[in-house]
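Note that these values count all heavy atoms, side chains included, but never hydrogens, waters or copies made by symmetry. A, B, ... follow the sequence lines: proteins, then strands. Residue 1 opens every chain.
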Protein chains: 2
Amino acid sequence: MAQNTFQTLRDEIENGIVTGEFAPGERLDEAQLAARFGVSRTPIREALMQLSAIGLVETRPRRGATVVDPGPNRIFEMFEVMAQLESMAGALAARRHTEEDRAAILKSHAECERSAQSGETDSYYYNNEVFHRAIYAASHSGFLEEQCIALHRRLRPYRRLQLRVRNRMKVSFGEHAAIVEAILAGQADAASRLLRDHIAVQGDRFSDLIANLDRRSKPGAGSQGR
Amino acid sequence: MAQNTFQTLRDEIENGIVTGEFAPGERLDEAQLAARFGVSRTPIREALMQLSAIGLVETRPRRGATVVDPGPNRIFEMFEVMAQLESMAGALAARRHTEEDRAAILKSHAECERSAQSGETDSYYYNNEVFHRAIYAASHSGFLEEQCIALHRRLRPYRRLQLRVRNRMKVSFGEHAAIVEAILAGQADAASRLLRDHIAVQGDRFSDLIANLDRRSKPGAGSQGR
DNA sequence: CCGCGACATATTGAATGCATGAATGAAGTT
DNA sequence: AACTTCATTCATGCATTCAATATGTCGCGG
């Protein structure tokens, strides 16, 4: 790996953000982080710079860095864009997928099935990511693949919430099956449409979730366990 | 703006990259840049970190930062994604645009017309950007708008090449007219399709351009894709 | 009693210094 | 003569230090 310190730190902090260890809106104190990781402030700053450029943290001059809080509306917008990009990846994959792509998609799809049937949400969550990445790769557009992976990462925490919803995992797997069929049959339009719906529905579900949470708990500022 | 030093530097270097002052593949020496801008190496490093996170420069451990050279293939992929995002923005704009959006679109469109008729490519280039940004804004999706602006910036140098092509400016303006009509009439599908083609044709033209350049000059240093 | 202003403190932003690793050149060996 | 190896040099990466600014508190005046 030969990772440099600041790259390791960047991944570490990014991971802390998407896993919710650092809550949205939380202030990221440089000295504190430096002490925690046992390094100087310099590499911490460099890591925060990169995260700031990506859009995960917000740095205001002289006022430090805070974990960005997208807000429900912005998150919904991100799902919309994600849907558009995934649908594009699906269309390209339908037209361009090779034999290896086909094998990778089928394999990850099978893994998803196993997780779905045994009801292991964590496992499904992981395999779902592998599945979607297989589609990105099959699009044979390196840039699109990168964009999709980046957005997928950013949406990870919000996606995770949804698998807890009743039956979502089974439904999701059912959608996967149709998507696989369309892609492997080379039906670009169908793959595009199915993937768009597959992602868009997550945005809708997220909205529903937010609406419910808002109704239920008004002062619940932080992370809702459930 | 009262930007901080490193933010100013970031914009400065980014600008230098998209204007071609820093050639693709060129090594960005920290000390050199520091001397040039009259600052220490620290803010330079921070600026390079951000650019690295955006994808404009590539930093390899212990080997410094170089301007990233996407290569023809990658650039074409970027145009493809841009087309998809713009088409999405157009569809949303058709459905959501307000009276102010309508005014902004018409105004920038008129500016484009003036530039096109007087044949001023530089002016058209600028007004074209304003026009497209008006559409992004009319989509009323803050996240989509940001993504579009960022990608537009990155594609700026390659887009600029194309306006020199014979008659491209007039053709481009004609496409704009149809796009405006569709958006203002609320025809989301038409707007989407027209915008996709409008951008996609730029990717195609870029490919043609590259093909020509390759044929003409073989030992041309930098840009090698694939 | 409330509001405004000045000062102290703490945190960020920039500069400098030092160590490590990579690139380059020369010298020796095959 | 060419290839390999070692030493030297220089850029990068991190730590430390110095400076500037925002925030919070205390005091004074209305």
Salt bridge check, [Y] against [X]: does any charged N sit closer than 4.0 Å to a carboxylate O?
X	Y	answer
Glu129(B)	Arg156(B)	yes
Lys107(A)	Glu111(A)	no
Arg10(A)	Glu46(A)	no

Task: Heavy-atom side-chain contact between Thr66(A) and Val57(A) under 4.5 Å - done: no

Task: Separation of dT12(C) C1' from Phe6(B) CZ (nearest whole Å) - done: 10 Å

Task: Reported CD1-to-CD distance for the pair Ile199(B) and Glu80(B), which is rounded to 0.5 angstrom - done: 12.5 Å

Output a table of nitrogen or oxygen pairs between the protein and nucleotides 17-20 of chain D separated by less than 3.5 Å.
unit_1	atom_1	unit_2	atom_2	d
dA20(D)	N3	Arg62(A)	NH1	3.1

Would you tell me whether [X] and [Y] have side-chain atoms, one donor and one acceptor, within less than 3.5 Å of each other?
X	Y	value
Arg133(B)	His152(B)	no
Ser207(B)	Asp204(B)	no
Glu86(B)	His198(B)	no
Tyr125(B)	Ser115(B)	no

Open item on the list: Checking Arg95(A) now: which residues fulfil salt bridge (charged side-chain N to carboxylate O under 4.0 Å, His left out) with it, not counting sequence neighbours?
Closed with: none

TODO: Answer yes or no: does a side-chain N or O of Ser40(B) lie under 4.0 Å from OP1 or OP2 of dA15(C)?
DONE: yes

Open item on the list: Please tell me if Thr5(A) has a side-chain N or O lying less than 4.0 Å from either OP1 or OP2 of dC14(D).
Closed with: yes

- [ ] Let me know, please, whether Thr42(A) or Ala65(A) comes out on the 5' side of the other along DNA chain C by nearest nucleotide.
- [x] Ala65(A)

Open item on the list: Here's a test of your reading of the structure: between Arg63(B) and Arg60(A), which maps to the more 5' nucleotide of DNA chain C?
Closed with: Arg60(A)

Open item on the list: Parallel, tilted or perpendicular: which one describes the rings of Phe131(A) and His176(A), with boundaries at 30° and 60°?
Closed with: parallel

TODO: Please state whether the rings of Phe206(A) and Tyr158(A) are parallel, tilted or perpendicular, taking 30° and 60° as the class boundaries.
DONE: perpendicular

Filtered N/O pairs between nucleotides 5-9 of chain D and protein, under 3.5 Å:
none

- [ ] Could I get the full list of side-chain contact (heavy atoms from CB on, under 4.5 Å) partners for Arg74(B), not counting sequence neighbours?
- [x] Phe143(A), Glu146(A), Pro70(B), Glu77(B), Met78(B)

- [ ] For DNA chain C, find the residues of residues 44-59 of chain A with a heavy-atom distance under 4.0 Å and give them by number; none if there aren't any.
- [x] Arg45(A)

TODO: Go through residues 26-34 of chain A and report each residue with a non-hydrogen atom lying under 4.0 Å from DNA chain D, sorted by number.
DONE: none

